[in-house]
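Sequential numbering from 1 along the given sequence is applied to the chain's residues. No experiment lies behind these values; they were computed from the predicted model shown.
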Amino acid sequence: MKFGKQLKQLADPTHLGHCIAYDTLKKAIGVVVAADRPTSEDTPSIRADMEALEKVFGQSTPMFACQPPDSRFHGLLQHELEKVNRFAALQFRTLLDTLREAQRPLLRCLSGSVGAGHEDLGAGEAERLLDAAADQLMALEGFRVLNFAGFRKIAKKFDKRSKEAGTKKGNLATWFIPQLLREFFVATPLDVHLLALARGYAALRRRRNGSMGQSVPMAPATSRGCTTTYWLTTSARMRALCTLVKRFDVVLPPSSNTSFIAALPDTPLALAEQQQTLLQSIGPEGIASQPCRLASESNRMYLDGPDFSEYLGRLRQGDQDEPIGFHVRWSAAGGAHAGAGGGELVERGNAASALGPHAFMPVETLVVPEAFPVKDCTGSHAGKVVQAAAALLLADLKQPVSGVVKPQAHALAALDQDGRDSVAAFAREVHAAAQRTQLGPVATVTSSRTLLRGDTPATVGVAIALDEDIQFSKDWSDPNDVVDFPYCLVEVACNDPESTGGWLDELRSHAALRSVANFSIGAHAVAVLHKDKVPELPHWHEHLSSVEAAAPPETWGLMLEWRAANLEPEQAHEEQLGASAGGTTVKPEAAPPPVVEEKERLDSWDDHEELAPKNLLATERTMLEWMHTVYAFALLGIGMWRFSLTNAADGVQPAAFGLLNIYSTASTALGCYSLALIMIAIGFGWYAALHHRWRLRALRQRRLTEQIFNSRLPPVLLAALMGIALAVHIAVQTFPLLLSPAPTYQDFNDD
């Protein structure tokens, strides 16, 4: 099916008018290419395409002959990029508004500020709004994927048609794709919005399960056991995450950049307040001022010999719940190897502890005897390092427990005698495998892992890992030697898979989830990287290859599309270098992944960062309202002051540099009151101007605090000063009347 029809089928009907005009741009390719030909013909089809372009882009789309064709077509692409970015920004703001609306009734019902019997109504309203936010989040992710695929495809199609037409300019994708990767709708992450959604659902779960002051004790798969792995279509990743956060807590990795919030709290009210903190960190454009990352990089290195005995053992595994084989696992921070100093673990295959207490590196103390630590396990000598670590561990474990002897290893201090016996059996298994054949690294699996754990009676003891952006390589240090795995993986560890409370069935029905018997990501990586050497291929390999070849690229989500787009300029550059060098191709350096530019904080007024017109006009209106008010007070004060200077008797000179009339107490009091009004007006006029500057600076710095934008002190202070001045004036005017004697009947007769 052509992409234009796929776009109409897959896009949300309400978003379709804001998506890329793919079919119109296809017609524009014909117009641009035909206009560049030396002997172009004005055929009826070209005229029809021109009319279609004028309907979409207006009359201001002439094809100037002095411009190259790729420059002319780029102007049309820029028009569509602006349209898509505007709508994406609107959707980000709408998502933020929905999350804030959900947070208000949630805080009210948890803090007890609503009346008795209305708490359930508030919680129901909050849950309804959170569900709406989840739907908006999924729709926004789908909008990003479809439009990115559309822009990439139309750029490639233009290059193809240009080369077929024989024009010299046919390299639009080489410089347009890097620009596309930096566009707002592509480069803006959604992790903070997803985390705020997860914290809102967590607060509702804690309240629903009666844990107003105490959370449900968590048991995140700390017992020995195996995990179950499912395939997840990459385009359904956001739907799967929104489904999971309704029932599970998101576990933040140590390098998630979320230091501005505390650790996972216990009470529902604390969770709601943490959600409020997250929402306050998001600016009015819907972008977080402090981006966070929910996923952590996970690496697994698989060792095997020339006969691939470990690989065959994984393939011929009889029971999926029985752990087979082992691997070396480590975490990475910022793409750098986090081992080489205490970060690696030799771990059983499908170990449940990898989703629980041993999830993040380095592991200080082993809780479950499914792994043991190893250091400097890199390079071709990794097999010997693992063998030496297993032998050293066995020697340490042979030391008696009592008496004055060599103490046990610190990493094993938390294990009891049964645990030490189990880890010793695992170490003997690893040592025997290393003695049986010459082990060496055959495959490394790299992924971004998001962890979730149960926090309710129905999900306690359940841990889930969602691995995305999965890549295979023979050498983890070589970024060019990688193979993509098109699916995401959902790995589940639980005590009883049958009693999952229905969440797994919901995930299967809504998130394109499927299970594969005896699937092993390690076995698949070895089969892909050593297809010509392994004795046999897995039973799922042929099916996966056919599906990957037949499915359209947008099926696999934004990450694979982004990586393919990132490689296209490299390949084009390689072809140019190869042609210029007589067929010798020089491989350039790998292009770095796109990074969302973080705006630096502005400490001076000299920076000229562009502001949204809506925000600029709003703060100007606030300043003008203050100016109108104080201007009216100033005019009133000047009028009363001029009036107080009249009716002065001869020989009485004004006092205070001619500002006050001291002929009578009333004139003096009126002059003082009018001068007070003028000074108050001047002071608050300067406040309005300076506060306007402070608001603009805060908008540029994205410091959206109550103290700056919703301070109650200035209006209260203005009202208090005006009231005090008026009260003093009235008191001074009425005090002489109270002291003067009342007129008598005799006084009237004398008159």
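Here D135 does not pair with R239 in a salt bridge; the nearest charged N to carboxylate O distance is not below 4.0 Å. In this structure, D455 does not pair ionically with R247, as no charged nitrogen and carboxylate oxygen lie closer than 4.0 Å. Taking 4.0 Å as the cut-off between side-chain N and carboxylate O, E347 and R329 count as a salt-bridged pair. Taking 4.0 Å as the cut-off between side-chain N and carboxylate O, E127 and R208 count as a salt-bridged pair.
By the 4.5 Å heavy-atom criterion applied to side chains, F360 and S296 are counted as neighbours. A 4.5 Å side-chain heavy-atom check between L303 and F326 finds at least one atom pair inside the cut-off. The shortest side-chain heavy-atom distance between Q471 and V445 does not fall under the 4.5 Å cut-off. When side chains are defined from C-beta on, L106 counts as touching Q275, because their heavy atoms get closer than 4.5 Å. Using a 4.5 Å cut-off on side-chain heavy atoms (C-beta onward), L489 and W231 make contact. With a 4.5 Å cut-off on side-chain heavy atoms, V490 and T229 do not count as touching. Taking the side chain as every heavy atom from C-beta outward, V250 and L451 never approach each other to under 4.5 Å. Side-chain contact between V492 and T227: absent, with no pair of heavy atoms (C-beta onward) separated by less than 4.5 Å.
The minimum heavy-atom distance linking M301 with P441 is given by the pair SD-CB, 3.7 Å. Across every non-hydrogen atom of T234 and C488, the tightest pair is OG1-N, 3.8 Å. Shortest non-hydrogen contact noted between E344 and V374 is OE1-O, 3.1 Å. Of all heavy-atom pairs between A133 and L197, the closest is CB-CD1, 4.2 Å. In plain terms, the two heavy atoms of C494 and V462 that are nearest each other are CB-CG2, 3.7 Å. Counting all heavy atoms, side chain and backbone alike, C242 lies closest to L194 at SG-CD1, 4.4 Å.
Here the OG-CG distance, from S309 to L439, works out to 7.5 Å after rounding to the nearest 0.5 Å. Within the model, atoms CZ of R428 and CD of Q435 stand 12.5 Å from one another, a figure rounded to the nearest 0.5 Å. From F519, atom CZ reaches atom CG of N350 across 10.0 Å, with rounding to the nearest 0.5 Å. In this structure, the separation between OH on Y487 and OG on S235 is 10.0 Å, given to the nearest 0.5 Å. Taking CG of L278 as the start and CG of D191 as the end, the distance is 11.5 Å to the nearest 0.5 Å. Interatomic distance, R293 CZ to L195 CG, rounded to the nearest 0.5 Å: 14.0 Å.
Here D467 pairs with R300, R449 under the salt bridge (charged side-chain N to carboxylate O under 4.0 Å, His left out) rule; sequence neighbours left out. Taking the side-chain hydrogen bond (donor to acceptor under 3.5 Å, both in side chains) definition, one finds that D131 meets it with Y201, sequence neighbours left out. Scanning for side-chain hydrogen bond (donor to acceptor under 3.5 Å, both in side chains) contacts around E536 gives R316, with sequence neighbours left out.
A centroid separation of less than 6.0 Å is found between the aromatic rings of H524 and F472.
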Assess the residue pair V526 and F308 against the criterion (side-chain contact (heavy atoms from CB on, under 4.5 Å)); give the C-alpha distance rounded to whole Å, side-chain angles, the decisive distance to 0.1 Å, and a yes or no.
CA-CA 9 Å; V526 174; F308 293 98; 3.9 Å; yes

For L96 and L279: C-alpha separation, side-chain torsions, deciding distance, then whether side-chain contact (heavy atoms from CB on, under 4.5 Å) applies.
CA-CA 7 Å; L96 177 60; L279 295 177; 4.1 Å; yes

Which is it for S448 and E297 under the side chain to side chain donor-acceptor pair (under 3.5 Å) test, yes or no, and what are the steps along the way?
CA-CA 5 Å; S448 296; E297 187 174 336; over 6 Å; no

Which is it for S447 and E468 under the side chain to side chain donor-acceptor pair (under 3.5 Å) test, yes or no, and what are the steps along the way?
CA-CA 6 Å; S447 64; E468 57 181 313; over 6 Å; no

Report the C-alpha separation of Y230 and E491 in whole Å, then their side-chain angles, then the decisive distance to 0.1 Å, and conclude whether the side-chain contact (heavy atoms from CB on, under 4.5 Å) test is met.
CA-CA 6 Å; Y230 302 91; E491 197 171 355; over 6 Å; no

Please test L466 against L232 for side-chain contact (heavy atoms from CB on, under 4.5 Å), starting from the C-alpha separation and ending with a verdict.
CA-CA 9 Å; L466 193 149; L232 174 69; 4.0 Å; yes

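In this structure, T233 contributes its side chain and A236 its backbone to no donor-acceptor pair below 3.5 Å. Under the 3.5 Å distance criterion, the side-chain polar atoms of D304 are matched with a main-chain donor or acceptor of Y311. Here the side chain of S473 pairs no donor or acceptor atom with the backbone of A443 at under 3.5 angstrom. Counting only distance, with no hydrogens or angles, the side chain of R205 and the backbone of K246 share a donor-acceptor pair below 3.5 Å. Under a 3.5 Å cut-off, the side chain of T277 and the backbone N or O of E273 do form a donor-acceptor pair. Between the side chain of R436 and the backbone N or O of G305 there is no donor-acceptor pair closer than 3.5 Å. When atom types are taken as modelled, the side chain of S353 and the backbone of G356 share no donor-acceptor pair closer than 3.5 angstrom.
Using bins of under 30°, 30° to 60° and over 60° for the plane-to-plane angle, the ring pair H327/Y302 lands in the tilted bin.
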